[in-house]
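Here is the structure we will look at.
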Amino acid sequence: MASLRSTPSTLLARSRPRGVKAASLIFAPCGRSLAHVADHHHPSTSADASSVRVKPFLLEDLVAEGTSEEKLPQFVLSRKAGFLPRQTPLEHLPKQFETLDSLLKRMTIRQYDANGKQSGDGLLAKGEFGDAVQRELKLGGIEDKAVNQAIASGNQQLLSALFRDYCFATSAYLLEPTDQSYRKTGFYSPGRDHLPAQLAVPLTKLADALGHQPFMEYASSYALVNYKFRDPAYTGGEAGRYSFDNMDLIRSFEDPYGSERGFILVHIVMVSFSGQALSATEDALVAAGERDLVRFEEAMSRLLDTYRKINIAMETMWARSKPSDYLKFRSFIFGTAPKEGNPMFPKGVVYEGTGDKTARYFRGESGANDSLVPLLDNLLEITAALPANELTKTLRDFRSYRPKTQREYLESLEARATAAGVKDFALGPAGSAKAKALYLLMVDQVREFRNRHWMFAREYIIKQTTFEYATGGSKMLSYLPHNLGVVLSFLDESYAAFTHKDDAELKARGEHKLLDEVHEAGKRAGVQHRVLLREVEKLKQDAEAKEKEGDPLYKGRGMLGEQRDDGRGWVGADGVG
Ligand code: HEM
């Protein structure tokens, strides 16, 4: 059916005129959605003047329009692969890159032999990676020509693999001293503030070719292009070939078979459901725009099933990646931002050989650059409820550290959900009790995600370190509970729209389970919000008390450049030294 097709081809480009209902803007005067109009190649002038036709987002639509898949970026969105790359990440680089490949293999702290037995210490364990890069990689070497050739060829799979690998080498190079001092003393020291040309030049070229920042990112380097399948044809389990036990890492800093593997691969398992999530999102959006309750309910049910699988996969993190191991690989995923106040890179980093002599600052790798939660924030119009403050500015800034395709999609989704009035449709008089229930349960999925995530932050980070910046550069003690708090209030308010009449309607439709779930979710929101506020207040009081007592561990970045009483000049404090 045409109206159920994904419909990213229309997007509000200008702000809504005063007094015009949002929903009317995605409808053509004839009452059909603009997407529908676009499907039939009506000239866009027949549509509402406030709307414009923009390029489609999903691979399936692009191919249907005649675009060659080969030239599309790896991160083109699709109903099949969602936010994962369209091709399996390339494991083996061409022969010209054998020096780079060898360095990356030898750098990993725990080395394994061909039989999977631990075989010794890697370059990063001994603090020898930086020297090895200087010795073995040269600007003007065989790799440079090969990078230029790869860019000229436009081979997206190869370019993505090269970008991943130069990012790994860059972060290992810059953060090796930080990690070394952490291992020896429990305190971080500043990283290297110059990136040598043999890394800086190819990395910058590749970043420009792919539209990325020239620094390690969540999607384009550390996580979403860093897996390989044991059996590419495996179909078992909910996640098929993306099942945890069917995957391995391509690159790692610390341990390819330990907690680092668990940390990365749990993200992949979760994101492997994003094709289903995108598909249901697009369908729900069209249905809301067309005020089609039956289709809206159907799409929202699918979305709910999908996010339940995602949250179940997230829960496996505890067993797959131990909280006590997290800091063993975390040093390498920090960023060089923020410009003011990051004690690891007080002077930023100069990328030698690129012609730019100014210091550069980039956020580090963080799940905050994942798109699963922003997808729901935008579809459910939670984003519109975020207060305008520094923390939400951070949240928006995180969105710029993802592939361009995901950035553009999320922006368009936010605009289209507002235009379609998804929240009003689900909760207002035009909706049904079931639509309301499903909408509430979707908000509850966002709550579940952010609540579990807050528990991760407590156990993997707050209990292990006092260093105040997270890898993405946010001050997580404020940032994470703030966002969870917004969702809890949002859920609380949405629950207030659920009336006795809705109870009766759901009962009449035989939806007893759904009804129970709605009430559980609604009641839990209020309780959890009160608990969170108390908990955050206590954490802040503890931190303030420690600062007053002059506990050096709580000073964190305040120790920058200072010599400690024991003669150590370290900048961070991770409680093990
Ligand atoms: C051990 C597990 C994890 C830890 C310790 C952790 C830690 C963090 C931290 C500290 C932040 C704050 C932002 C920053 O980096 O500056 C963050 C943000 C975020 N992380 Fe994670 N993370 C974990 C797992 C995950 C997983 C599995 C996902 C799923 C894809 C994820 C998605 C996110 C998102 C979406 C945000 C932004 C938060 C928001 O919008 O409220 N994280 N994470």
Side-chain angles (χ1 to χ4, degrees), residues 82-84 216-219 222-224 244 259-274 277 307 309-330 333-338 342 344 362-378 380 382-383 385-386 390-399 401-402 406 410 445-465 467-488 490 532:
F83 297 128
L84 286 176
M216 172 161 275
E217 282 182 6
Y218 162 80
Y222 191 57
L224 303 191
F244 186 85
S259 287
E260 188 174 12
R261 169 175 179 266
F263 180 72
I264 296 176
L265 293 185
V266 169
H267 285 83
I268 307 291
V269 178
M270 291 170 70
V271 182
S272 75
F273 296 112
S274 59
Y307 272 85
K309 286 188 254 180
I310 290 171
N311 268 311
I312 288 170
M314 188 174 186
E315 178 66 11
T316 63
M317 182 67 86
W318 300 110
R320 310 284 197 203
S321 188
K322 284 199 244 146
S324 57
D325 282 349
Y326 184 55
L327 297 194
K328 293 180 187 165
F329 54 91
R330 189 185 187 225
I333 57 177
F334 274 104
T336 56
N342 179 352
M344 285 183 187
F362 299 104
R363 289 184 182 280
E365 188 283 335
S366 170
N369 310 133
D370 183 81
S371 295
L372 288 171
V373 164
L375 178 91
L376 288 189
D377 280 351
N378 287 357
L380 304 171
I382 298 172
T383 307
L386 289 167
E390 271 308 304
L391 297 169
T392 45
K393 241 168 80 189
T394 303
L395 184 134
R396 286 203 178 267
D397 195 37
F398 276 135
R399 293 190 181 162
Y401 283 78
R402 29 170 75 80
Q406 294 184 19
L410 290 175
Q445 288 298 302
V446 183
R447 176 212 58 82
E448 183 176 332
F449 183 104
R450 285 208 163 100
N451 184 57
R452 179 175 294 108
H453 193 267
W454 171 234
M455 292 191 273
F456 284 170
R458 265 184 355 208
E459 299 302 316
Y460 287 77
I461 304 175
I462 298 169
K463 282 195 180 164
Q464 320 284 337
T465 175
F467 188 66
E468 64 180 321
Y469 287 105
T471 56
S474 78
K475 292 192 180 178
M476 44 169 267
L477 212 58
S478 314
Y479 178 73
L480 293 174
H482 168 272
N483 294 351
L484 175 57
V486 170
V487 174
L488 287 168
F490 192 88
L532 177 72

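Computation of the quantities below employed the complete heavy-atom set of this structure, encompassing side-chain atoms and omitting hydrogens, waters and symmetry-equivalent molecules. Counting starts at 1 for both ligands and their atoms, following the listed order.
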Between Arg402 and Glu217, is there a side-chain N and carboxylate O pair less than 4.0 Å apart? no
Atom 9 (C) of ligand 1 has as its nearest protein heavy atom Leu480 CD1, 4.0 Å
Please identify which atoms of ligand 1 are closer than 4.0 Å to at least one heavy atom of Tyr460. 1 (C), 5 (C)
Got an N/O contact under 3.5 Å between Gly472 and ligand 1? yes
Would you indicate whether the side-chain heavy atoms of Thr336 and Met344 approach each other to under 4.5 Å? no
The option among Thr394, Ile461, Val446 carrying the non-hydrogen atom nearest to atom 7 (C) of ligand 1 is Ile461
Side-chain donor/acceptor of Thr383 to backbone N/O of Asp377, under 3.5 Å: yes
Beyond-backbone contact of Tyr307 with Leu372, side-chain heavy atoms, under 4.5 angstrom: yes
Contact atoms of ligand 1, heavy-atom distance to Ala470 under 4.0 Å: 10 (C), 14 (C), 15 (O), 16 (O)
Looking at side-chain heavy atoms only, is the closest gap between Tyr460 and Trp318 below 4.5 Å? yes
Does the side chain of Ser321 come within less than 4.5 Å of Glu260's, by heavy atoms? no
Heavy-atom contacts with Arg450 under 4.0 Å: which atoms of ligand 1 show up? List them by number with element. 39 (C), 40 (O), 41 (O)
Taking every non-hydrogen atom, the tightest pair across Ala313 and Val269: CB-CG1, 4.0 Å
Taking only non-hydrogen atoms of Tyr479 and a 4.0 Å limit, the atoms of ligand 1 in range are 38 (C), 39 (C), 40 (O)
Please confirm whether Phe334 and Phe467 have ring centers closer than 6.0 angstrom. yes
Between Tyr326 (side chain) and Ser259 (backbone), is there a donor-acceptor pair under 3.5 Å? no
By number and element, which atoms of ligand 1 are closer than 4.0 Å to a non-hydrogen atom of Gly473? 16 (O)
Element-labelled atoms of ligand 1 that are located less than 4.0 Å from some non-hydrogen atom of Phe398: 13 (C), 14 (C), 16 (O)
Phe449 heavy atom under 4.0 Å from ligand 1: yes
Identity and separation of the nearest protein heavy atom to atom 26 (C) of ligand 1: His267 NE2, 3.1 Å
Counting only protein N/O/S, how many atoms fall short of 2.8 Å from atom 21 (Fe) of ligand 1? 1
Who's closest to atom 16 (O) of ligand 1 heavy-atom-wise, of Ser474, Ser274, Pro374? Ser474
May I ask you to decide if Glu390's main-chain N or O and Thr394's side chain share a donor-acceptor pair within less than 3.5 Å? yes
Salt bridge or not between Arg330 and Asp325? Use side-chain N to carboxylate O under 4.0 Å. no
N or O pair under 3.5 Å between Tyr326 and ligand 1: no
Decide if the gap between the ring center of Tyr479 and the ring center of Phe398 is smaller than 6.0 angstrom. yes
